[in-house]
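Below: the structure, in structure tokens.
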Amino acid sequence: MKYSMLVDLTKMSRALADAARYLRAAPQNDLQAEVTEKGRQMLSQIETVLEQHREDLRSETPLEQLAELKTLWESGGEVLEKRLEQFTRNLPKEISYQVRAVFFAEQGEKWDAMGSVYAYMRDDPRFDPVVVLMPIFRSLQRADGHVDQEIIYKDYLTPMGIPFYEYNAYSLPDDRPDLAFTSQPYNSVQLPQFYAESISKDTRLVYLPYFVPDKVAVESVQAWCQLPVYNYAWKVIGSSQRHYEVYRRYSRLKGSNMLITGLPKLDAAATLRERGVPLPEKWENVIRNRKTFLWNSWYSLDVCSLRYFDELLSWFKEHTDCALIWRPHPMTDIVTKLYLPDQYDFWLQCQQRLEELPNAVRDEEVSCDAAFCYSDAQISDYSSLMPQYLLVDKPCLWIVSSAFTFIGEVIDGDWTERASNTQQILDFLERIRQGDDPKADRRKAVRQKDLSLADGHCGERVCKKIWDAMHREDFSIFCSDRSLSI
């Protein structure tokens, strides 16, 4: 039985208990006869549902209790009220039910935001999860009224063995799931029927952040706390107490809908050192036996670290004992084509020149796991890949840009080295090449203090806390009953 059907049965049982109290206290009148008849109809409706789902009953007790209630309904009294309360209280214990959850998934690079939640639910018989593959749109209206549009819609789920619905073959109102998960906070890149406002009309919406809150920028307050998804989500998943404090300060709901569990996005990085991943075949001759650097560049070419492309490429040409894994932001091509067309040739040239370098490779894997696993250090623009990299305990250089104005931190930033010019970047490369790691102790301290929940079990905690929160709201008369918890 679907969880929502169990909730409906419980609501009807509570309504019957209220009606029984009314019948016992109210004087004889026409309304009493009407309430009595409606009660009979509701008892018959409950019986019909239980008979239709008889295979989900753990015993015959609910049907036996219901037969007694139908008899008692005709006579009323305190015994009827007590039996109705007992019947209502026992329903979740006597019926096997599942929570239906839908995951709205788009770009493969963002799957890690919800992957561990889906994996837990898939393996727990109390949940019934499904995945809907979603497109992402980027549009630009020209001065002449013409609209240029780019769409990202790729099946990365099948290679992982995850079945899914096409977005145009799934109807939220028809499926009526008990939960919906999204990691997309921006209405501008998705279809209106999948806006947070639309989803929340049909089910409980849970927002799983696709990024790791790190440095608080003036520009990021809206993206972290004030987009529509934060107002319409039943629950927003938080990474830490410090994340919650920022959210409480700036969100319109003052933090009331946040659950602090740690971010599922961090589960993969937290477990990477123990599980490892295969080396991509085309990387074999590029990075084998070389000191390897991961370079993560942002999508806005006018402010990102690609301004140092020539100097970086020259350094790796000279230092053939080192290798470069370049992982540009997955939206770089679309953003540059639409919004910075005068720089698109430069972007294409960067890719071509990198391909010509024998000790460099562009990371085109869906997951960043391989890049994290087989690199020795990271150089990065401002990105959530930095705090993710902190969990694999390797040196990181943050290439500072004037594009952001920072007003606080959720994760202390002094675990990274910093660079704002070419020489500082080259100095970092040389230190790592020589085996120096001056920030090792600081990384450990920051991990323990600010990422204490990033233990590989964030997805599991999300499932457990969501389960408990649903049951507290829907079965509040026995919310203290631990048998309803995972």
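- With hydrogens and angles ignored, the 3.5 Å screen pairs a side-chain donor or acceptor of Tyr230 with a backbone N or O of Trp224.
- Nearest heavy atom pair, residue Leu426 against residue Glu311, reads CD2-O, 4.4 Å.
- Using a 4.0 Å cut-off between a side-chain N of Lys or Arg and a carboxylate O of Asp or Glu, Arg431 and Asp436 do not qualify as a salt bridge.
- Under the 4.5 Å side-chain criterion, counting only non-hydrogen atoms from C-beta, Arg58 is in contact with Ser96.
- The one candidate from Asp302, Leu306, Leu348 that meets the side chain to side chain contact (heavy atoms under 4.5 Å, CB included) condition with Gln343 is Asp302.
- Judged by distance alone, with hydrogens and angles left aside, the side-chain atoms of Asp178 form a donor-acceptor pair with the main-chain N or O of Ser4 at under 3.5 Å.
- A salt bridge links Arg461 with Asp455: the distance from a Lys NZ or Arg NE/NH1/NH2 to an Asp or Glu carboxylate oxygen falls below 4.0 Å.
- Under the 3.5 Å distance criterion, the side-chain polar atoms of Arg242 are matched with a main-chain donor or acceptor of Glu409.
- With Ser220 contributing its side chain and Ala223 its backbone, the two residues share no donor-acceptor pair below 3.5 Å.
- Nearest heavy-atom pair, Pro328 versus Arg362, reported as atom, atom and distance to 0.1 Å: CG-NE, 3.7 Å.
- Tyr374 places a side-chain N or O within 3.5 Å of a backbone atom of Leu279 that can act as its donor or acceptor partner.
- For the side chain to side chain contact (heavy atoms under 4.5 Å, CB included) with Glu417, the qualifying choice from Asp427, Ile425, Ile379, Leu397 is Leu397, the only one to do so.
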For this session: Assess whether side chain to side chain contact (heavy atoms under 4.5 Å, CB included) is satisfied between Phe137 and Leu191, documenting all intermediate values.
Result: CA-CA 8 Å; Phe137 300 86; Leu191 295 166; 3.7 Å; yes
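- Note: Trp398 and Phe406 meet the aromatic proximity criterion, with ring centroids under 6.0 Å apart.
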For this session: Run the numbers on Trp347 and Thr332 for side chain to side chain donor-acceptor pair (under 3.5 Å), then give the verdict.
Result: CA-CA 9 Å; Trp347 161 243; Thr332 306; over 6 Å; no
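- Counting only distance, with no hydrogens or angles, the side chain of Lys394 and the backbone of Phe372 share a donor-acceptor pair below 3.5 Å.
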For this session: Applying side chain to side chain contact (heavy atoms under 4.5 Å, CB included), run through Trp415 and Arg447 and close with a yes or a no.
Result: CA-CA 9 Å; Trp415 68 274; Arg447 282 199 313 274; over 6 Å; no
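- Contact check for Val117 versus Cys463: side-chain heavy atoms found under the 4.5 Å cut-off.
- The nearest pair of heavy atoms linking Pro213 to Leu263 is CD-CD1, 3.5 Å.
- Here the closest heavy-atom approach between residue Thr416 and residue Gly413 is recorded as OG1-O, 3.2 Å.
- Looking at Thr203, its side chain does come within 3.5 Å of a backbone N or O of Leu179 through a donor-acceptor pair.
- Of all non-hydrogen atoms in Gln184 and Glu106, the two that sit nearest each other are CB-OE2, 2.6 Å.
- The residues Glu109 and Arg327 are annotated as not salt-bridged, no charged nitrogen and carboxylate oxygen being separated by less than 4.0 angstrom.
- In this structure, the side chains of Val446 and Asp414 come closer than 4.5 Å at one or more pairs of heavy atoms.
- For the salt bridge (charged side-chain N to carboxylate O under 4.0 Å, His left out) with Asp393, the qualifying choice from Lys439, Lys444, Arg443 is Arg443, the only one to do so.
- Of the charged side-chain nitrogens involved, at least one lies within less than 4.0 Å of a carboxylate oxygen, so that Glu430 and Arg433 count as a salt-bridged pair.
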Problem set entry | side chain to side chain donor-acceptor pair (under 3.5 Å) between Trp283 and Glu365, intermediate numbers included | CA-CA 11 Å; Trp283 296 13; Glu365 301 291 309; 5.0 Å; no
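- Looking only at distances, no side-chain donor or acceptor of Tyr167 sits under 3.5 Å from a matching main-chain atom of Phe194.
- The pair Glu245-Arg248 meets the salt-bridge criterion, since a charged nitrogen lies less than 4.0 angstrom from a carboxylate oxygen.
- A distance-only check finds no donor-acceptor pair linking the side chain of Arg418 to the backbone of Gln424 [under 3.5 Å].
- For an aromatic pair to be called close, the ring centres must be under 6.0 Å apart, and Tyr3 with His471 satisfies this.
- Checked by atom type, the side-chain pair Asp345/Gln349 shows no donor-acceptor distance below 3.5 Å.
- Looking at Arg100, its side chain never comes within 3.5 Å of a backbone N or O of Arg176 through a donor-acceptor pair.
- Between Tyr165 and Tyr170, the two ring planes are tilted [angle within 30° to 60°].
- Counting heavy atoms from C-beta outward, Val246 and Arg249 have side chains that stay 4.5 Å or more apart.
- Side-chain contact annotation: Ser297 with Trp326, donor-acceptor N/O pair under 3.5 Å present.
- Ring planes of His329 and Tyr299: perpendicular class, angle over 60° (limits at 30 and 60°).
- Proximity of Asp412 to Arg442: side-chain heavy atoms (C-beta onward) are separated by under 4.5 Å at one or more points.
- Counted by atom type alone, Asp333 and Tyr344 present one or more donor-acceptor pairs between their side chains at under 3.5 Å.
- In this structure the side chain of Cys396 never reaches within 4.5 angstrom of the side chain of Leu390, judged on heavy atoms.
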For this session: Decide side chain to side chain contact (heavy atoms under 4.5 Å, CB included) for Lys265 and Leu208; before the verdict, give the C-alpha distance in whole Å, the side-chain angles of both, and the deciding distance to 0.1 Å.
Result: CA-CA 8 Å; Lys265 185 175 184 68; Leu208 298 167; over 6 Å; no
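- Taking the side chain as every heavy atom from C-beta outward, Tyr120 and Pro129 never approach each other to under 4.5 Å.
- Using bins of under 30°, 30° to 60° and over 60° for the plane-to-plane angle, the ring pair Phe127/Trp467 lands in the perpendicular bin.
- Side-chain contact between Gln107 and Met331 is present, with heavy atoms from C-beta onward closer than 4.5 Å.
- Shown are Leu391, Asp267, Val277; of these, the side chain to side chain contact (heavy atoms under 4.5 Å, CB included) with Leu272 is made only by Val277.
- Atoms CZ and CH2, on Phe316 and Trp295 in that order, are 9.0 Å from each other to the nearest 0.5 Å.
- Tyr232 has its ring centre no less than 6.0 Å from the ring centre of Tyr195.
- By the 4.0 Å N-to-carboxylate-O rule, Arg307 lies too far from Asp381 to be salt-bridged with it.
- Closest approach of Asp376 and Arg290 over heavy atoms only: OD2-O, 3.8 Å.
- Between the side chains of Ser375 and Tyr389, at least one donor-acceptor pair of N or O atoms lies under 3.5 Å.
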